[in-house]
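Single-structure report; data block below.
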Amino acid sequence: MGLGQLSAAPLPRSFFDRPSHEVAPDLLGRVLVHGPVAVRLTEVEAYGGPGEDPAAHTYRGRTPRNAVMFGPPGHLYVYFTYGMHFCANLVCLPEGHGSAVLVRAGEIVAGLDEARTRRTPTGGRGRRVPDRDLARGPARLAVALGLLREHNGLDAIWEGAPAALDPLTGHSGRFGHGPEHATWLTGLPHGSAAVLEGRPADPGTIQSGPRTGVSTAKETPWRFWIDGDPTVSPYRAHVPRRRSSAATSVGETPSS
DNA sequence: ATGCAGATAATCT
DNA sequence: GATTATCTGCATG
């Protein structure tokens, strides 16, 4: 796969102005950029709006936490979960709808060194994370891209892009990991995000199935991935966590 | 390769 | 007080 052949032209906001389950498969092969790191998306999940998708954060309506999902399309909804992880979504449909696509996994196509550093445990000593695992899973992907609480609501549409486009190629830069590609994305303002055209996945290679780790709407096949891609995360069904022994109910019999 | 337990806190009931 | 759109390390086949 030639890294330099991915289109760096940004996707317009209208791309996200559709139902999330239609946007999701079209997102495969696209490139999400934040600062120096870019990820080619290989696995995503669609989440619907209030009252229509029991697995969605917006199912019971608008709250302070999910407010961004009700905002305009093309913005990042970044949420905190399990007491330690951030996950990122791209908001779909016009203001007021409350749906989004969770970005679950991908391949690092720029800023590899930075991604490795971010995914290395404190101190830098110890185990080394294989490159294919750098963004293999939604929380890992968020770490690799440097997405945190403060990036919730960040616009991922590169509005000022036309001025930065290469007149010959129509692209805004080149992908690559080496020093010669240090300015691979000329003109993208520091600290901002964008979704680039990349190379859309061949429809024949797209698979779909139930979403990972959800406890409701288990049959809705709104997880989409590129078949056979090594960066796709392993599927895990939802496992109800057993209550800690201190919190077991009064009627419970101690084992053995 | 697969499976389980623990971590850890915001959000919701 | 329970649940969670998860990850990691350590266990076992």
Side-chain angles (χ1 to χ4, degrees), chain A residues 20-21 23-24 27 32 41-70 76-92 98-106 115-116 118-130 132-145 147-153 208-225 230-252 255:
Chain A
S20 57
H21 63 273
V23 172
L27 229 25
L32 176 58
L41 300 176
T42 58
E43 180 190 356
V44 298
E45 279 176 4
Y47 287 88
E52 68 181 26
D53 181 9
H57 287 173
T58 53
Y59 183 54
R60 289 171 178 83
R62 182 177 180 140
T63 68
R65 177 213 203 185
N66 65 27
V68 169
M69 271 183 78
F70 288 91
L76 287 170
Y77 165 54
V78 181
Y79 69 90
F80 183 68
T81 191
Y82 287 100
M84 64 197 90
H85 298 303
F86 292 98
C87 299
N89 298 251
L90 289 159
V91 175
C92 298
S99 65
V101 175
L102 172 70
V103 286
R104 287 196 55 89
R116 284 175 178 151
R118 287 172 174 164
R119 291 274 291 120
T120 300
T122 49
R125 285 286 165 191
R127 82 178 202 296
R128 174 185 138 257
V129 175
R132 79 170 44 170
D133 289 345
L134 288 174
R136 193 179 187 215
R140 293 164 164 185
L141 187 153
V143 169
L145 278 179
L147 293 174
L148 301 166
R149 193 186 309 276
E150 67 198 276
H151 301 108
N152 186 36
S208 68
R211 293 169 290 185
T212 299
V214 299
S215 58
T216 56
K218 291 187 167 70
E219 305 309 310
T220 306
W222 281 2
R223 174 180 183 240
F224 302 89
W225 68 95
T231 65
V232 172
S233 74
Y235 174 78
R236 303 185 210 285
H238 175 76
V239 283
R241 301 294 9 240
R242 213 171 117 162
R243 290 181 283 275
S244 69
S245 56
T248 48
S249 62
V250 278
E252 203 143 319
S255 62

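Because the structure is a prediction, the values reported are computed rather than measured. A note on names: the letters A, B, ... follow the listed sequences, proteins ahead of strands, and every chain is numbered from 1.
Rounding to whole angstrom units, CZ of residue R223(A) and C1' of dT6(C) are separated by 14 Å. Note: CZ (R136(A)) to P (dT8(C)) measures 11 Å, nearest angstrom.
A donor-acceptor contact shorter than 3.5 Å is absent between the side chain of R119(A) and the backbone of A115(A). A donor-acceptor pair is defined here as one N or O able to donate and one able to accept, closer than 3.5 Å; such a pair exists between the side chain of S20(A) and the backbone of Y47(A). Under the 3.5 Å distance criterion, the side-chain polar atoms of E45(A) are left unmatched by any main-chain donor or acceptor of R104(A).
The shortest distance between the side-chain N/O atoms of T212(A) and the OP1/OP2 oxygens of dT6(C) is not below 4.0 Å. Side-chain N/O atoms of H238(A) include none lying less than 4.0 angstrom from OP1 or OP2 on dA5(C). A sub-4.0 Å separation between OP1 or OP2 of dA5(C) and a side-chain N or O of H57(A) is present.
When each of G83(A) and R140(A) is assigned the nucleotide of DNA chain C bearing its nearest heavy atom, the one mapping closer to the 5' terminus is G83(A). Mapping M84(A) and R65(A) onto DNA chain B by nearest heavy atom places M84(A) at the nucleotide closer to the 5' end.
Comparing dA5(C), dA10(B), dA5(B) against the side chain of Y79(A) picks out dA5(C) as the nearest.
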Strand DNA chain B in bracket notation, Watson-Crick/G-U under 3.5 Å with | for pairs to another chain: |||||||.||||.
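Taking each heavy atom of P234(A) and R223(A) in turn, the nearest pair found is C-NH2, 4.5 Å. Between F86(A) and R149(A), the shortest heavy-atom distance links the atoms CE2-N, 3.3 Å.
More than 12 heavy atoms of other residues, nucleotides or ligands sit less than 6.0 Å from atom CD of E150(A).
Below the 3.5 angstrom threshold, one finds no donor paired with an acceptor across the side chain of Y82(A) and the base of dA7(B).
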